[in-house]
Enquirer: 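The structure follows.
A note on names: the letters A, B, ... follow the listed sequences, proteins ahead of strands, and every chain is numbered from 1. Keep in mind that this is a model prediction, so the values were computed, not measured.
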Amino acid sequence: QKEVEQNSGPLSVPEGAIASLNCTYSDRGSQSFFWYRQYSGKSPELIMSIYSNGDKEDGRFTAQLNKASQYVSLLIRDSQPSDSATYLCAVILTGGGNKLTFGTGTQLKVEL
Amino acid sequence: SQTIHQWPATLVQPVGSPLSLECTVEGTSNPNLYWYRQAAGRGLQLLFYSVGIGQISSEVPQNLSASRPQDRQFILSSKKLLLSDSGFYLCAWSAGHFNEQYFGPGTRLTVT
């Protein structure tokens, strides 16, 4: 089992819809979770961090964390073509110190 | 505000040639610094990280090395490049309790 798993996609949603991206992790003791957006040919950009169970909202983005079920998700409301990118989930595993473990990413396509 | 620089942006090198990639961070003191590699269509692989000057931890055995000669400078090197060293090399920094990592623009290396 991979430590951090994401569906590679592509996930296609129409413009204006809600995009839902999911990530599961194997280490029950993990405490810190991050979502990055990576446009093709560019470096990853941090868009959300979440540390406690529940929802965290920032503009059109909502991160949801459920430690009991070991998943973290990212919702993008009112999806725009500019949201088309690969979304990377990252986790600091127990004993990982400062190190992030990344999933392989989910490609999102927002269609007109 | 903090800024992270990487250079060069692109590099084409023959097999067996040496490599030196540089990363510098502005606007923060004593950051944690990281080198990642992202091969085409693959996830992010942590290569090295550093919590202070001269302190380097290696994550993957390989023909690469890293050095941190100054607080905000991180260098990735190789004496002899292999074809498998091709990829997108990313430097990142973090600071503070929550260890959010921020990436530089990256160096795209092609070994021919």
Side-chain angles (χ1 to χ4, degrees), chain A residues 1-10 21 23-27 29-52 56 58 61 63 65 72 74 85-107, chain B residues 1-10 21 23 25 28 30-52 55-60 66 68 74 87-110:
Chain A
Q1 182 185 8
K2 292 182 180 178
E3 294 173 312
V4 180
E5 292 203 64
Q6 297 180 255
N7 189 318
S8 61
L21 304 162
C23 171
T24 59
Y25 58 96
S26 60
D27 178 13
S30 299
Q31 296 294 322
S32 303
F33 307 86
F34 308 88
W35 282 100
Y36 287 82
R37 177 177 62 198
Q38 186 174 24
Y39 292 114
S40 180
K42 302 296 185 181
S43 62
E45 174 192 8
L46 179 65
I47 53 173
M48 291 288 286
S49 57
I50 188 166
Y51 307 100
S52 54
K56 178 182 179 182
D58 183 0
F61 298 101
L65 176 60
V72 56
L74 179 70
T86 297
Y87 289 80
L88 302 170
C89 172
V91 177
I92 296 182
L93 303 176
T94 303
N98 304 319
K99 298 179 290 183
L100 295 181
T101 299
F102 284 84
T104 53
T106 297
Q107 185 183 6
Chain B
S1 64
Q2 298 84 7
T3 308
I4 179 168
H5 303 279
Q6 283 187 250
W7 63 92
T10 60
L21 303 181
C23 168
V25 181
T28 186
N30 197 31
N32 298 319
L33 296 173
Y34 310 82
W35 278 113
Y36 290 87
R37 176 171 60 203
Q38 188 175 40
R42 304 282 297 277
L44 282 162
Q45 179 186 34
L46 179 63
L47 301 175
F48 301 94
Y49 72 96
S50 171
V51 298
Q55 299 178 64
I56 309 295
S57 295
S58 174
E59 292 296 299
V60 183
R68 185 170 177 175
F74 206 19
F88 192 32
Y89 286 82
L90 293 155
C91 181
W93 72 272
S94 70
H97 176 69
F98 294 108
N99 290 308
E100 295 175 341
Q101 290 187 20
Y102 300 91
F103 286 85
T107 295
R108 194 162 302 281
L109 171 67
T110 303

Enquirer: Minimum heavy-atom separation for A:Leu46 to B:Gln101, with atom names?
Expert: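 Where A:Leu46 meets B:Gln101 most closely, the heavy atoms are CB-O, 4.2 Å.
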Enquirer: Given a strict heavy-atom distance threshold of 4.5 Å, which part of A:Gln31 is in contact with chain B: side chain, backbone, both, or neither?
Expert: neither
Enquirer: Strictly distance-based, threshold 3.5 Å: is any side-chain N or O of A:Ser43 a donor or acceptor partner for the main-chain N or O of B:Gly104?
Expert: yes
Enquirer: I need the minimum non-hydrogen distance between B:Phe88 and A:Lys42, along with the two atoms involved.
Expert: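 In this case the closest contact between B:Phe88 and A:Lys42 is CE2-O, 3.4 Å.
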Enquirer: Heavy atoms only, distances under 4.5 angstrom: which of A:Ser32, A:Gly103, A:Ser49 has the most pairs with chain B? Name it, please.
Expert: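 Heavy-atom pair counts peak at A:Ser49.
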Enquirer: Not counting sequence neighbours, which residues clear side-chain contact (heavy atoms from CB on, under 4.5 Å) with A:Phe102? List them please.
Expert: A:Tyr36, A:Leu88, A:Ala90, A:Leu100, B:Tyr36, B:Leu44, B:Phe103
Enquirer: Listed by chain and number, what are the side-chain contact (heavy atoms from CB on, under 4.5 Å) partners of B:Pro105, not counting sequence neighbours?
Expert: B:Gln6
